[in-house]
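Heads up, the thing below is written out as C-alpha cells.
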Number of protein chains: 2
Amino acid sequence: MNTLAYAILGLIDKDKVTGYDLTKIFSDSVADFWSAKQSQIYTELKKLVDAALIEYEVVIQGEVLEKKVYSITTKGKEELAAWMHEDEPPLSQSKDIFKLRLYFSEQLTSQELCGKFEKQLEKCQLLLTRYTIKFNEYDSSDIPTAKIGDYLLLKGAIAHLRTQIEWLNESLAYIQK
Amino acid sequence: MNTLAYAILGLIDKDKVTGYDLTKIFSDSVADFWSAKQSQIYTELKKLVDAALIEYEVVIQGEVLEKKVYSITTKGKEELAAWMHEDEPPLSQSKDIFKLRLYFSEQLTSQELCGKFEKQLEKCQLLLTRYTIKFNEYDSSDIPTAKIGDYLLLKGAIAHLRTQIEWLNESLAYIQK
DNA sequence: CAGCACATGTAATACGTTACATGATTAC
DNA sequence: GTAATCATGTAACGTATTACATGTGCTG
C-alpha cells in the first residue's frame, strides 16, 4: 500500500465521503502536505474496496444520479492504525522549480531575477492571506481535540509562508544592491 | 523535456561532470530543492545526448576505466536559457508524511504524538547543524556572483528549518498541556 | 435554458524508485 | 588484500499526470 491509500483511508475514517469530495479535499484542504488528482483517487478507491479496507453505499442524488459514499471497514481501521504507528521516513525532500532556477541564477540578469522574486512574493502573500483568513476562523482558546491537527498544521503553514516571504524580501534586497 | 532534464543541463553548464558526479550532487548539494536517483540520471543523460543538448568526452581514469565527462552544447545552452526565462509554475505542493499523520492525529495518544514530534525535532536539528556548518564556510561580506544562488538558497533552507523547529517545539508544548 | 458544480470512470503517457548487474580505482 | 568509493548501465515496477469520456443536478 502506498501513502495515498493511507491518506484516503484516514480521510474516509474522519468522515464519510464520495470520490468527488476526496478530489476537492486533495486539491484544497490537505493540498499543503498531500495532493492527488481525480483519476488517481478513483483508481485507489477501487483498490481499497477490493482489499476490503473500505466499503460504499450507493446514494441517489436528485432523481437518478448514483453516488458512492465510502466508509472505512474494521480491517481498514486496523491498517490505518498500524500505519499511524510506523516510524516516520527521513525528512521529505521537496521539489521546487523556483529554487532550482535560483541555483542557476547566473543565467539571468539582475532585473530578470528580481522580477522572479517579486512574482514569487505575490504568490506567497496571496496564499498567506487565504491561510490567515482560515486561521482566524478558529477560536484559539477552544480547539476541539479532533481539530488539533488541522489547527497546528495551519499554524505551521502560516509560519512557513511568513519565513518564506521574509527570505524572498531579504534576497531581493541583496540582489538589488 | 521534464524539469530533471533542465536541472541536469544547468548542472553540466555550471561544470563539466560525469553521471556519477550528478548522482552525488542530486543526493547532496541540491537535494533540498531537487533530487533524482542514479538510474534516472543515466537515462536522462542518454536522452540529452540524443537530443544534442549535451555531449561527452571519454576520459580514462587509472588504467582502463572509461568515464564520460559531459559538457553542454550550444543548442543545450539555448534550451537552458529559454527554460530559465519561463514563467514560474504555481507554488510547489510538497508531500509530507509527517504532516499527513499529524492531520490524522486523533488516531494516536498524546504520548505517541509527542514521541513523533520529538523524533522530527531531532532530524530537523541535525540537518540545521549540517546546513549551519556549510553556511559558516561562506565569507558573507564577499560572495562571488556565481555563488549568490547557492548562498541565498542555503540561507533560505536554514530559515525554513529554524521556523520548522520553532513550530515543532510550540506544537509539542501545545499537545502536552 | 445555460452554465457551473456534482459525479464517476478509463487510457495513455510520463516520471520516479528499487533492484539487478558489473567492474575498476584508491586508500589503508 | 580488502573495503570504500568511483563508475556505468538496464529491467521491472510503482506512482502521478494529462486527456479522454459521459452524464446529472442545481441555481439564476
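Quick note: numbers below take in every heavy atom, side chains included, and nothing from hydrogens, waters or symmetry partners. None of these values were measured; they are calculated from a predicted model.
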Distances under 3.5 Å between nitrogen or oxygen atoms of protein and nucleotides 19-21 of chain D:
none

Just how far, in rounded Å, is C1' of C/dC15 from CD of A/Q40?
-> 12 Å
Please write out which residues are connected to A/V59 in a hydrophobic cluster, directly or through intermediates, given that two of Ile, Leu, Val, Met, Phe, Trp, Tyr count as joined at side-chain heavy-atom separations below 4.5 angstrom.
-> A/V69
In this structure, which one of B/F104, B/Y103, B/F98 forms a ring pair (Phe, Tyr, Trp, His ring centres under 6.0 Å) with A/F33?
-> B/Y103
From the list B/I165, B/L168, B/L161, side-chain contact (heavy atoms from CB on, under 4.5 Å) with B/Q125 holds only for B/I165
Report the C-alpha distance between A/H85 and B/E112 in whole Å, list the side-chain angles of each, state the deciding distance to 0.1 Å, and finish with yes or no for side-chain hydrogen bond (donor to acceptor under 3.5 Å, both in side chains).
-> CA-CA 8 Å; A/H85 287 88; B/E112 287 168 337; 2.8 Å; yes
A/Y42 side chain, from C-beta outward: closest of C/dG9, C/dG16, D/dA16 | C/dG9
Are B/I41 and B/V58 connected in the hydrophobic side-chain network, where two residues link if heavy atoms are under 4.5 Å apart?
-> yes
Single-linkage hydrophobic cluster A/Y56~A/L65, side-chain heavy atoms < 4.5 angstrom = no
Could you state whether B/L126 and A/L91 fall into the same hydrophobic cluster, counting links through intermediate Ile, Leu, Val, Met, Phe, Trp or Tyr residues with side-chain heavy atoms under 4.5 angstrom apart?
-> no
Under a 4.0 Å heavy-atom cutoff, the residues of residues 13-37 of chain B touching DNA chain C are B/K37
Please list residues of residues 45-70 of chain B whose heavy atoms come under 4.0 Å from any atom in DNA chain C, ordered by number; otherwise none.
-> B/Q61, B/G62, B/E63, B/V64, B/L65
Here the ring pair (Phe, Tyr, Trp, His ring centres under 6.0 Å) pairs for residues 1-22 of chain A, sequence neighbours left out, are A/Y6-A/W83
Donor + acceptor pair across side chains of B/S94, A/S94 (<3.5 Å) = no
Please report, rounded to the nearest Å, how far the C1' atom of C/dG16 is from the NZ atom of A/K95.
-> 7 Å
Rounded to whole angstrom units, what separation is found between the CD1 atom of A/I41 and the C1' atom of C/dA7?
-> 13 Å
Is any side-chain nitrogen or oxygen of A/N2 closer than 4.0 Å to OP1 or OP2 of D/dT15?
-> yes
To the nearest angstrom, the CD-P distance between A/Q93 and C/dG16 comes to 13 Å
May I ask whether B/I133 and B/L152 are part of the same hydrophobic cluster, defined by side-chain heavy atoms of I, L, V, M, F, W, Y residues being less than 4.5 angstrom apart, directly or through others?
-> no
Ion pair B/D96/B/R101, N-O distance below 4.0 Å = no
Computed from five pairs at either end and rounded to 10 degrees, the angle between the axes of the helix from C/dC1-D/dG28 to C/dC28-D/dG1 is 40°
Among B/K116, B/K99, B/K119, B/K123, which one satisfies salt bridge (charged side-chain N to carboxylate O under 4.0 Å, His left out) with A/E88?
-> B/K116
Indicate yes or no: at least one non-hydrogen side-chain atom of B/Y70 is less than 4.5 angstrom from one of B/L22.
-> no
